[in-house]
Amino acid sequence: MADHHSVPRYHPFEDLRRRLLRNRPAMLGLGIIVFAILIAIAGYGIMPDDTPNANDGAAQLQKLPPFTKATFLKLRKNQDIEERNFFQKIIYGQENLYLIKPITAYEIEGDFIKVNEVGKTVQQQYELLPAVKALFIGDSPKRAELNGENVAVRGDDFHYLAPDESVQVIDRQRLIEEFEASNIENRLFVLGTDSAGRDMLSRLLYGTRISLSIGFVSVIISMFIGIALGAIAGFFGGKTDAIIVWFMSVVWSIPGIMLVIAISLALQSRGLWVAFLAVGLTMWVEVSRVVRGQIISIRQKQYIEAARAFGIGNFRIIMQHIMPNIAGPLIVIATANFAAAILLEAGLSFLGLSVQAPTPSWGIMIEEGYQAVASPNSWHLILFPALAICTLVLSFNLLGNGLRDAIDPGTTLSKKWRKYGV
């Protein structure tokens, strides 16, 4: 007698997984999506410019072409700036402790730094000590030790009042060494700079987080509304179905971008959360139509009648007996809606109705590039964010097509045999 434990169990999703893994375009799309998700999670941790919104730029270096190098003089900001921990930096970024000045040359003469700044014909000079060290601002009893000042130079030693009101001493040689190590920075702009002199690569990387977050939240909103209305219409039918179908038809007849603009204007606000709502509230109709159609075809099945006979409630029948059977089409729709949400958000940002500057949305970056399109060295301002949008949207479409073929292999077989006239 054979041991029943030796009979392999059939996993309904095993064939789906195998078919999906054999679909190379879908796997390529999935790989790009996973890579984009990792970029969004890493956030400021992998950005060359890790200041909030990657907004630390110099106007003198606007529209630099890719792979341009620049040298910066860093002058310490004499203000209290919160030092964030590792996880806070990844999520929120870290405000720069220094002001940056693009320079071509510098020299230290006495107690001053003399520099040739980019875009200025006259040599500029800055005090050496305040450039390197943070100083106490205001009156303090300890200023008496420094002849009533916050800084006193005695021979080769600099005596200064630190932010905690303690008197510190540093010699000239050590101060110059600290200056050379901390206050001169060489940067490579891999993708160049934008029209405000900000690092394009950093803003492009942060834009990945914006696009994915808007796509994710918008899809959740659209799926929740679409599934709820579609399930109610398809399961109960009658007047309820007629009213919901009429409402879906009205919404469906309005162009998506126009509906998004109308919702944004109706909310009388702009920003990330407005984009979430506006985009999410425009993509639920397709979900609702599919759910309604699937439930109409399923609700008369014998296992649904059996569930009713056992006294199981309508909500439980829908959630436990119907929805699992239409999960496949919903997953395909969700991936398609994700791509549509990214495009809609980019369009809204381009029109100034979504995320606002200086937040680096890809749509805002294209709009800024569009404003500078007639000026020299502006080709990369539009090219890179446009490529990012196209790549991510194409990836979701490839994955959606792969999921569709894996869930319904008949579509793949029909394409395969079509060339033979079958």
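Here the structure is a predicted model, which means the values were calculated and not measured.
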One pair to check against side chain to side chain donor-acceptor pair (under 3.5 Å): S166 and Q168. What are the steps and the verdict? CA-CA 6 Å; S166 62; Q168 303 290 327; 2.8 Å; yes
Show your working on side-chain contact (heavy atoms from CB on, under 4.5 Å) between I113 and Q125 and close with a plain yes or no. CA-CA 5 Å; I113 312 153; Q125 69 175 19; over 6 Å; no
The test is side-chain contact (heavy atoms from CB on, under 4.5 Å); show your working for F384 and M365 and say whether it passes. CA-CA 9 Å; F384 293 132; M365 295 176 70; over 6 Å; no
Given side chain to side chain donor-acceptor pair (under 3.5 Å), test E345 with S361 step by step and report yes or no. CA-CA 9 Å; E345 188 283 324; S361 162; 3.1 Å; yes
CA sep, side-chain torsions, deciding dist, call: V251, W284, side-chain contact (heavy atoms from CB on, under 4.5 Å): CA-CA 9 Å; V251 176; W284 61 269; 3.9 Å; yes
For I37 and I41, what are the C-alpha separation, side-chain angles and deciding distance, and is it a side-chain contact (heavy atoms from CB on, under 4.5 Å)? CA-CA 6 Å; I37 291 172; I41 293 173; 3.8 Å; yes
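Interatomic distance, E178 CD to K133 NZ, rounded to the nearest 0.5 Å: 3.5 Å. In this structure, CZ in F136 is found 4.0 Å from CD in E165, a value given to the nearest 0.5 Å. Atom CH2 in W246 sits 14.5 Å away from atom CG in D241 (nearest 0.5 Å). Interatomic distance, CG of L383 versus CG of L387, reported as 4.5 Å (0.5 Å rounding). Considering CG of L30 and CG of L20, their distance stands at 7.0 Å, rounded to 0.5 Å. Expressed to the nearest 0.5 Å, how far CD of E109 lies from CG of D111 amounts to 10.5 Å.
Judged by distance alone, with hydrogens and angles left aside, the side-chain atoms of R76 form a donor-acceptor pair with the main-chain N or O of V132 at under 3.5 Å. Q88 contributes a side-chain N or O that, together with a main-chain N or O of N85, makes up a donor-acceptor pair within less than 3.5 Å. Distance alone, capped at 3.5 Å, is enough to place a donor-acceptor pair between the R209 side chain and the I91 backbone. Without hydrogens or angle criteria, S211 side chain to T208 main chain gives no donor-acceptor distance under 3.5 Å. S288 places a side-chain N or O within 3.5 Å of a backbone atom of G230 that can act as its donor or acceptor partner. Although no hydrogens or angles enter the test, the distance criterion places no donor-acceptor pair under 3.5 Å between the side chain of E185 and the main chain of N183. The main-chain N or O of V332 is found under 3.5 Å from a side-chain atom of T335 such that the two form a donor-acceptor pair. For the pair H380 (side chain) and T193 (backbone), a donor-acceptor distance under 3.5 Å is present. Side-chain N or O atoms of N337 include none that pairs as donor or acceptor with a backbone N or O of V219 at under 3.5 Å.
Here the rule is side chain to side chain contact (heavy atoms under 4.5 Å, CB included) with W362, and of L204, V355, I210 only L204 fits it.
In this structure, R172 forms no cation-pi arrangement with F158, as its terminal cationic atom is not both closer than 6.0 Å to the ring centre and no more than 45° off the ring axis. Cation-pi check for R289 over W252 is met; the charged atom lies under 6.0 angstrom from the ring centroid and within 45 degrees of its normal.
The heavy-atom pair separating L161 from L146 by the smallest distance is N-CD1, 3.9 Å. Taking each heavy atom of S218 and A341 in turn, the nearest pair found is CB-CB, 4.1 Å. Between I364 and Q356, the shortest heavy-atom distance links the atoms CD1-C, 3.7 Å. A pairwise comparison of heavy atoms in S202 and D49 identifies OG-N, 2.8 Å as the closest pair. Closest approach of Y160 to L129, counting heavy atoms only: CB-CD2, 3.6 Å. Here the closest non-hydrogen pair linking I244 and L229 is CD1-O, 3.6 Å.
Shown here is R154, whose CZ atom has more than 12 heavy atoms of other residues, nucleotides or ligands within 6.0 Å. Annotation: F236, atom CZ; neighbour count of heavy atoms from other residues, nucleotides and ligands within 6.0 Å is above 12.
Salt-bridge formation is not detected for the pair D199/R203: no Lys NZ or Arg NE/NH1/NH2 atom is positioned less than 4.0 Å from an Asp or Glu carboxylate oxygen. Salt bridge status for E95 with R84: absent, with no side-chain N to carboxylate O gap under 4.0 Å. In summary, E368 and R198 engage in a salt bridge, as defined by a charged side-chain N under 4.0 Å from a carboxylate O.
A 4.5 Å side-chain heavy-atom check between I389 and T391 finds every atom pair outside the cut-off. Here the side chains of Y206 and T359 are in contact, with some heavy-atom distance below 4.5 Å. Two residues are said to be in side-chain contact when any heavy atoms from C-beta on lie closer than 4.5 Å; L330 and M223 meet this criterion. Counting only heavy atoms from C-beta outward, the side chains of V393 and N397 approach each other to under 4.5 Å. A 4.5 Å side-chain heavy-atom check between T104 and T71 finds every atom pair outside the cut-off. Put simply, the side chain of I103 reaches to within 4.5 Å of the side chain of I184, judged on heavy atoms. By the 4.5 Å heavy-atom criterion applied to side chains, L64 and N377 are not counted as neighbours. Taking the side chain as every heavy atom from C-beta outward, K101 and Y126 approach each other to under 4.5 Å.
Ring geometry for F179 against Y106 counts as perpendicular: the plane angle is over 60°, on a 0 to 90° scale with 30° as the lower cut.
Between F216 and F338, the ring centre distance reaches or exceeds 6.0 Å. For Y370 and W379, the ring centers are positioned 6.0 Å apart or more.
Inspection of the T51 and N96 side chains reveals no N or O donor paired with an N or O acceptor under 3.5 Å.
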